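Structure, as structure tokens:
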Amino acid sequence: MTAAVLALQGAFAEHEQVFRRLGVDCFELRGPADLDRPFDALILPGGESTVQSKLLRELGMFGRLQAMIREGLPVFATCAGMILLAGQIEADPGDKVPETFGTLPMTVRRNAYGRQLGSFRTRAEVKGVGEVPMTFIRAPYVVSVGETPSNTGDIPEILAVVDGRIAAVRCGNQYAFAFHPELDEDRRLQEYFLESVAAHIARTA
């Protein structure tokens, strides 16, 4: 199994380390030529969503990745990665709003817990996994999820709620987390995702 990790900006190295320890071959997406390599899953890391979106556009990678996701490519997205998948973005007046893939029918609020001082850790239940540690860093949250299917025909499913706010969503092969599971020792979320990847590979073989 091979995963491509978006490595234009943000905390991508931690994701690579975790997935490699789980037996996944990883390589970094840094330019359009990297998209020609075969891969089974996409990792969208935390970081600055506006910068990531801008670089994806400038490098000519945005449209190709968007098409791959629409075609069912499994995606593991954290923090800024969650924002990139969202269909709608809420932001403060004057705040830059990134262009998103729009593949997951949900509305996401950027920097919803405040800036750096709003970072925190907690534990909460994730549907299908159990209680896991969660590290939030300048995190977004999901305001709402759509009640109609995405372009892939899948309906968004809420996986976790923290302090009354949606913190994790699944829509078909897209997994989006407001927090950073790569920063904790618990690997059940990554394993949960890899089960979906394996099932996708089996279906499309």
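Keep in mind the model is a prediction, meaning the values are calculated, not measured.
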Taking all non-hydrogen atoms of both residues into account, name the closest pair between [X] and [Y] and its distance.
X: Glu14; Y: Leu183; answer: CG-CD2, 4.1 Å
X: Pro156; Y: Pro105; answer: CG-O, 3.5 Å
X: Leu6; Y: Pro45; answer: O-CG, 3.4 Å
X: Ile166; Y: Ser144; answer: CD1-CA, 4.5 Å
X: Leu104; Y: Ala176; answer: CD1-CB, 4.1 Å
X: Leu22; Y: Gln190; answer: CD1-CB, 3.5 Å

Interatomic spacing from [atom1] in [X] to [atom2] in [Y] - rounded to 0.5 Å:
X: Phe120; Y: Asp163; atom1: CZ; atom2: CG; answer: 6.0 Å
X: Lys127; Y: Ile158; atom1: NZ; atom2: CD1; answer: 9.0 Å
X: Glu157; Y: Tyr175; atom1: CD; atom2: OH; answer: 8.5 Å
X: Arg187; Y: Leu194; atom1: CZ; atom2: CG; answer: 11.5 Å
X: Leu159; Y: Phe177; atom1: CG; atom2: CZ; answer: 6.5 Å
X: Leu42; Y: Leu65; atom1: CG; atom2: CG; answer: 5.5 Å

Would a distance-only check, ignoring hydrogens and angles, find a side-chain to backbone donor-acceptor pair under 3.5 Å from [X] to [Y]?
X: Arg20; Y: Cys26; result: yes
X: Asp40; Y: Thr2; result: yes
X: Gln9; Y: Glu48; result: yes
X: Asn173; Y: Gly72; result: yes
X: Thr103; Y: Arg70; result: no
X: Asp34; Y: Gly31; result: yes
X: Gln52; Y: Gly81; result: no
X: Thr78; Y: His180; result: no
X: Gln66; Y: Phe101; result: yes
X: Arg188; Y: Val129; result: yes

Next on the checklist: So for atom CD, which belongs to Glu185, do other residues, nucleotides or ligands contribute more than 12 heavy atoms lying within a distance under 6.0 Å?
Outcome noted: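 Count not over threshold, so no.
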
Checklist entry - Phe193 and Phe76: aromatic ring centres closer than 6.0 Å? => result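 Under 6.0 Å, so yes.
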
Mind checking whether [X] and [Y] have side chains closer than 4.5 Å, heavy atoms only?
X: Leu29; Y: Met61; result: yes
X: Pro181; Y: Asp186; result: no
X: Met134; Y: Arg123; result: no
X: Arg165; Y: Val161; result: no
X: Leu85; Y: Val75; result: yes
X: Met82; Y: Leu44; result: no
X: Asp25; Y: Phe19; result: no

Item to check | Stepwise side chain to side chain contact (heavy atoms under 4.5 Å, CB included) check, Thr100 with Ile89 | outcome: CA-CA 9 Å; Thr100 67; Ile89 301 295; 3.9 Å; yes

Checklist entry - Can you find a side-chain donor-acceptor pair between Thr107 and Glu90 that sits under 3.5 Å? => result no

Next on the checklist: I'd like to know if the side chain of Tyr141 pairs up with that of Arg109 as donor and acceptor (distance under 3.5 Å, no hydrogens or angles considered).
Outcome noted: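 Absent: no donor and acceptor within the cut-off.
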
Checklist entry - Should Phe179 and Cys79 be marked as a side chain to side chain contact (heavy atoms under 4.5 Å, CB included) after you check the CA-CA gap, both sets of side-chain angles, and the distance that decides it? => result CA-CA 6 Å; Phe179 52 96; Cys79 201; over 6 Å; no

Next on the checklist: Please determine whether side chain to side chain donor-acceptor pair (under 3.5 Å) holds for the pair Thr135 and Arg121, giving the CA-CA distance in whole Å, both sets of side-chain angles, and the decisive distance to 0.1 Å.
Outcome noted: CA-CA 4 Å; Thr135 299; Arg121 297 189 69 188; 3.2 Å; yes

Item to check | Check against side chain to side chain contact (heavy atoms under 4.5 Å, CB included), Leu189 and Val132 | outcome: CA-CA 8 Å; Leu189 289 178; Val132 300; 4.3 Å; yes

Next on the checklist: With side chain to side chain contact (heavy atoms under 4.5 Å, CB included) as the criterion, how do Arg110 and Thr50 come out once you've worked through the C-alpha distance, each side chain's angles and the decisive distance to 0.1 Å?
Outcome noted: CA-CA 11 Å; Arg110 295 184 73 224; Thr50 53; 3.8 Å; yes

Checklist entry - With a distance cut-off below 6.0 Å to the six-membered ring centre and an angular limit of 45° from the axis, does Arg37 pair with Phe27 as a cation-pi contact? => result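 Pair Arg37/Phe27 counts as cation-pi.
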
